[in-house]
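Structure, as structure tokens:
Residues take their numbers from the sequence shown, with the count starting at 1.
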Amino acid sequence: MDTDDEPSSSSAAAAAAAEAEAIPAEPPRIRRLEEAVVNRIAAGEVIQRPASAVKELVENSLDAAASSVSVVVKDGGLKLIQVSDNGHGIRYEDLPILCERHTTSKLSAFEDLQTIKSMGFRGEALASMTYVGHVTVTTITEGQLHGYRVSYRDGVMEHEPKPCAAVKGTQIMIENLFYNMIARRKTLQNSNDDYPKIVDLISRFAIHHTDVSFSCRKHGANRADVHTVIASSRLDSIRAVYGASVARDLMEIAVSDDNPARSIFKMEGLISNANYIAKKTTMILFINGRLVECTALKRAIEVVYAATLPKASKPFIYMSIDLPSEHVDVNMHPTKREVGLLNQESLIDTIQNAIESKLMNSNTTRIFQIQAVNLSSANQFNSRKDTDCNTSTPAIKSQKVPVNKMVRTDSRDPFGRLHAYWQDGPCSQDEKKSDLVSVRNAVRSRRNPKESADLSSIHELLSEIDSNTHSGLLDVVKNCTYIGLADDVFALLQHNTLLYLVNVVNVSKELMYQQVIRRFAHFNAIQLSEPAPLQDLLMMALKEEDLESPADENDDLKQKIAEMNTELLKQKAEMLEEYFCINIDQDGNLMRLPVILDQHTPDMDRLPEFLLSLGNDVDWENEKECFQTVSAVLGNFYAVHPPFLPNPSEDGIQYYKKNVDKMPTDEDAQNRLTNSGKEEDVDHELLAEAETAWAQREWTIQHVLFPSMRLFLKPPKSLATNGTFIQVASLEKLYRIFERC
């Protein structure tokens with residue numbers, strides 16, 4: 001019986017399995033995902049990497065009519081992304097819904113997409129950031145006495161907005177990006193190209209938006225990797241970002257079409273000519289003000305250049321295309337990287353033909369560099385040339401220069417550069433003048449107009465500057481090489497075989513004073529964003545001068561002094577406006593300040609002190625003394641002083657510890673290393689502000705102050721004796737010391 005039962009049971013199981021297979025399996029149920037899961041999935045699509053977050057935040061700043069955008073990045077954006085602007089800010093009542101999905105101020109109905117001009121419109125970016133990072137927003141709107149700071153997580157506020165000190169505009173800080181997306185965070189941590197992507201992104205925005213200043217730097221870095229100021233032309237922006245070597249090989253192009261049967265558009269841009277050589281195509285494309293990509297257009301342009309450029313060389317293209325809003329579909333890509341165009345093929349053909357025609361005409365200006373290979377024959381040629389050009393003088397130049405006299409760094413003709421081995425043309429003094437000297441002469445004529453006010457006192461002041469010039473220091477200033485900053489006040493300069501310490505504050509003060517005299521009655525203007533009430537600023541200055549006295553003591557006296565100075569400056573407003581471009585309105589508000597040095601603005605924290613000096617230190621009775629003292633007050637205000645915030649480098653970080661409410665002691669300094677890992681003890685916002693201020697000052701000293709000093713400064717004799725210029729080393733004396741060793 002047992003042997004008969006086994007086959008029967010197995011056959012029954014097989015029959016049951018066959019029956020089960022015959023019955024169709026039940027389909028899986030469709031479930032509604034939780035909102036948190038939906039939002040996190042969407043966030044990973046919108047914020048693909050740190051550069052995506054930076055792009056969204058910068059576009060928000062531009063939509064907010066900002067004229068200055070600053071970006072700070074740490075660890076490629078994974079640890080910190082901070083974007084600050086001076087736009088119109090965010091309303092207090094809008095803060096609760098700021099980071100909810102699909103909340104936006106850019107449109108209210110779907111039809112608005114047909115005419116949308118802002119770069120943002122979906123209301124997804126900020127919400128997405130809160131689902132993959134920790135977001136903190138600090139903002140202030142015009143007219144508010146203080147700003148508000150609030151943190152967001154998963155689209156909602158973590159706490160009520162807290163009042164705080166803030167500067168005009170908005171600062172958004174994202175920390176620990178992708179903290180909850182382990183795979184993506186590990187992938188990005190292994191990649192080293194995230195920060196370069198952010199720098200490239202900011203560079204592209206800076207080229208297109210010439211009316212906005214941009215900066216981008218790593219957290220803790222003293223120098224910005226991208227730093228632009230408001231430029232007068234697109235070419236100036238490209239020169240500032242990509243360098244003069246790129247800008248000199250660019251040519252303007254413009255094309256348009258208004259035939260509805262083909263396409264309606266207007267394009268203008270800059271493209272490289274046949275002299276430009278690069279290994280990678282650089283294409284910067286803006287369509288209706290949006291930074292986008294268009295693969296079809298890029299390939300069409302590369303085809304044109306392939307027939308013109310040498311093999312393996314790629315072009316540089318900047319294009320701005322404007323089309324009717326209804327011809328552009330902006331809602332095509334999650335990150336808005338691509339847009340749809342009506343009649344795209346016709347538009348690309350028109351642009352391609354225009355570029356081809358432009359390149360064909362530019363072939364007549366192609367330049368080829370020639371360099372001698374046989375150095376011995378080149379040396380013989382140069383020696384013959386020197387003999388022919390200097391037949392009346394002995395060949396003193398052929399003598400060997402002693403090693404202790406060699407200058408390895410020179411501002412005009414550095415020793416060891418390759419052009420020393422190139423063959424020159426026929427000997428001519430005119431041809432020997434460098435391009436740099438020509439440029440400097442052009443700058444001189446532009447910045448120092450010959451037309452000056454016909455006032456004898458100004459001519460006397462100019463004559464005093466000339467007669468009081470120290471000839472030795474003048475040679476040092478004109479032919480020096482900037483080395484770097486030695487500390488907060490002194491910079492290092494090299495002149496021939498000598499090394500000098502130079503007091504930056506004293507030099508800049510004298511330079512600004514001389515520039516005021518030279519530009520007298522011919523200033524450009526700096527328009528203040530908001531009127532500055534003189535009386536309030538004067539009260540601030542008076543209180544700062546008397547910090548030790550109780551708050552209410554002598555307030556009536558200070559108020560009276562402020563009122564008297566305000567009335568005095570209002571009475572002198574016409575003269576100040578005409579001669580010095582200091583505009584004060586009838587209500588006693590400061591409206592405009594002069595441009596004393598191009599690309600330089602004064603430290604506005606010193607504005608109260610400047611106004612108090614203008615009221616107290618100026619001799620208003622005598623014309624010459626009046627102009628001289630006003631110029632001196634302006635020179636002191638515009639001088640490159642150290643920022644009020646302590647330098648955060650080295651031990652200065654102690655001043656930014658949140659738990660430190662007194663001056664740091666020696667014991668605190670010794671414990672600095674122990675507590676350095678506690679980042680939460682540091683006020684990061686204040687620290688970032690200080691780092692930006694000190695980095696900006698260092699950039700101004702190197703790129704604005706010292707180039708202008710070489711061009712314009714006539715150092716007075718007093719600078720040689722008051723410790724402004726200090727010689728610290730001499731190559732000849734150093735050789736004597738080393739020879740004894």
Side-chain angles (χ1 to χ4, degrees), residues 67-68 86 88-89 140-146 165-169 213 229-230 453 508-509 512-513 515-517 519-546 558-620 626-641 643-644 693 696 700:
S67 62
S68 176
N86 62 348
H88 51 56
I140 184 172
T141 57
E142 187 174 0
Q144 284 186 328
L145 298 178
H146 58 77
V167 295
K168 179 188 175 186
S213 63
V229 295
I230 296 176
S508 60
K509 193 180 299 184
M512 301 302 173
Y513 166 76
Q515 282 295 94
V516 173
I517 300 297
R519 290 191 171 192
F520 185 83
H522 291 86
F523 293 98
N524 293 326
I526 301 173
Q527 181 71 43
L528 301 187
S529 58
E530 296 178 0
L534 295 183
Q535 190 165 332
D536 294 348
L537 293 171
L538 288 167
M539 281 295 295
M540 289 173 58
L542 290 168
K543 289 180 180 179
E544 288 176 1
E545 281 190 346
D546 197 16
K558 294 174 186 174
Q559 187 72 28
K560 187 174 182 180
I561 294 173
E563 291 175 358
M564 292 174 60
N565 280 335
T566 300
E567 290 302 318
L568 174 63
L569 295 178
K570 286 168 64 176
Q571 292 173 11
K572 307 298 182 181
E574 184 178 356
M575 184 271 287
L576 292 173
E577 167 70 14
E578 181 179 359
Y579 293 149
F580 298 100
C581 196
I582 301 174
N583 179 262
I584 299 173
D585 65 11
Q586 296 178 352
D587 297 327
N589 295 318
L590 180 65
M591 308 297 291
R592 286 193 297 274
L593 288 169
V595 175
I596 295 178
L597 205 62
D598 291 349
Q599 297 186 345
H600 174 64
T601 55
D603 184 356
M604 300 307 288
D605 290 339
R606 298 183 181 274
L607 185 59
E609 176 189 347
F610 161 68
L611 293 173
L612 186 61
S613 297
L614 197 61
N616 291 342
D617 301 339
V618 174
D619 183 354
W620 300 100
C626 176
F627 294 159
Q628 186 176 29
T629 49
V630 171
S631 300
V633 171
L634 278 168
N636 183 62
F637 177 39
Y638 280 74
V640 185
H641 296 276
F644 282 116
Q696 175 65 34
T700 300

With a 4.5 Å limit on heavy-atom distance, are the side chains of [X] and [Y] in contact?
X	Y	value
Met604	Leu607	yes
Arg592	Ile584	no
Pro594	Leu634	yes
Cys626	Asp619	no
Leu534	Leu611	yes
Phe580	Ser631	yes
Glu609	Glu544	no
Phe637	Leu593	yes

Handout entry: Shortest non-hydrogen separation from Leu614 to Leu576 and the atoms involved
Key =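 Nearest heavy atoms, Leu614 then Leu576: CD2-CD1, 4.3 Å.
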Handout entry: For the student: nearest non-hydrogen atoms of Met512 and Leu597, plus distance
Key =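 Heavy atoms of Met512 and Leu597 come nearest at CE-CD2, 3.8 Å.
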Exercise for the section: Could you please spell out the steps behind the side-chain contact (heavy atoms from CB on, under 4.5 Å) verdict for Met539 and Gln559? Expected result: CA-CA 7 Å; Met539 281 295 295; Gln559 187 72 28; 3.5 Å; yes
Practice task
Identify the residue among Ile582, Asp585, Asn583 that makes a side-chain contact (heavy atoms from CB on, under 4.5 Å) with Leu590.
Solution key: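 Of all the options given, the one that passes is Ile582.
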Exercise for the section: Might you confirm whether atom CD of Glu530 has over 12 heavy atoms from other residues, nucleotides or ligands at distances under 6.0 Å? Expected result: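 Yes, because the 6.0 Å sphere around CD of Glu530 holds more than 12 heavy atoms from other groups.
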Exercise for the section: Decide if atom CD of Glu142 counts as having more than 12 heavy atoms of other residues, nucleotides or ligands within a radius under 6.0 Å. Expected result: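 Not more than 12 within 6.0 Å, no.
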Exercise for the section: State whether a side-chain donor-acceptor pair under 3.5 Å links Thr700 with Gln696. Expected result: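 Yes, side-chain donor-acceptor contact under 3.5 Å.
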Handout entry: Presence of salt bridge, Asp536 and Lys543, under 4.0 angstrom
Key =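 Result for this pair is no, no salt bridge flagged.
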Practice task
Please step through side-chain contact (heavy atoms from CB on, under 4.5 Å) for the pair Tyr513 and Gln628, ending with a clear verdict.
Solution key: CA-CA 9 Å; Tyr513 166 76; Gln628 186 176 29; 3.5 Å; yes
Main chain of [Y], side chain of [X]: is a donor-acceptor contact present, judged purely on distance under 3.5 Å?
X	Y	result
His522	Phe520	yes
Asp603	Asp605	yes
His641	Asn636	yes
Asn86	Ser67	yes

Problem - cation_pi(Arg606, Tyr638) dist<6.0 Å, angle<=45 - result: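 Output no; distance or angle outside limits.
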Exercise for the section: Given side-chain contact (heavy atoms from CB on, under 4.5 Å), test Val633 with Val618 step by step and report yes or no. Expected result: CA-CA 8 Å; Val633 171; Val618 174; 4.3 Å; yes
Exercise for the section: Can you measure from NZ (Lys168) to OG (Ser68) and round to the nearest 0.5 angstrom? Expected result: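 Going from the NZ atom of Lys168 to the OG atom of Ser68 covers 11.0 Å.
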Exercise for the section: With side-chain contact (heavy atoms from CB on, under 4.5 Å) as the test, would you mind laying out the steps for Trp620 and Met575 before giving the verdict? Expected result: CA-CA 11 Å; Trp620 300 100; Met575 184 271 287; 3.4 Å; yes
Handout entry: Which residues share a side-chain contact (heavy atoms from CB on, under 4.5 Å) with Pro608, sequence neighbours left out
Key =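 So Pro608 forms a side-chain contact (heavy atoms from CB on, under 4.5 Å) with Leu537, Met540, Ala541.
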List, one per line, each side-chain donor-acceptor pair under 3.5 Å for residues 562-569, sequence neighbours excluded.
{"from": "Asn565", "atom 1": "ND2", "to": "Asn616", "atom 2": "OD1", "distance (Å)": "3.3"}
{"from": "Thr566", "atom 1": "OG1", "to": "Ala562", "atom 2": "O", "distance (Å)": "2.7"}

Practice task
Using ring pair (Phe, Tyr, Trp, His ring centres under 6.0 Å) as the criterion, list what pairs up with Phe523, not counting sequence neighbours.
Solution key: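 With sequence neighbours excluded, Phe523 shows a ring pair (Phe, Tyr, Trp, His ring centres under 6.0 Å) to no residue whatsoever.
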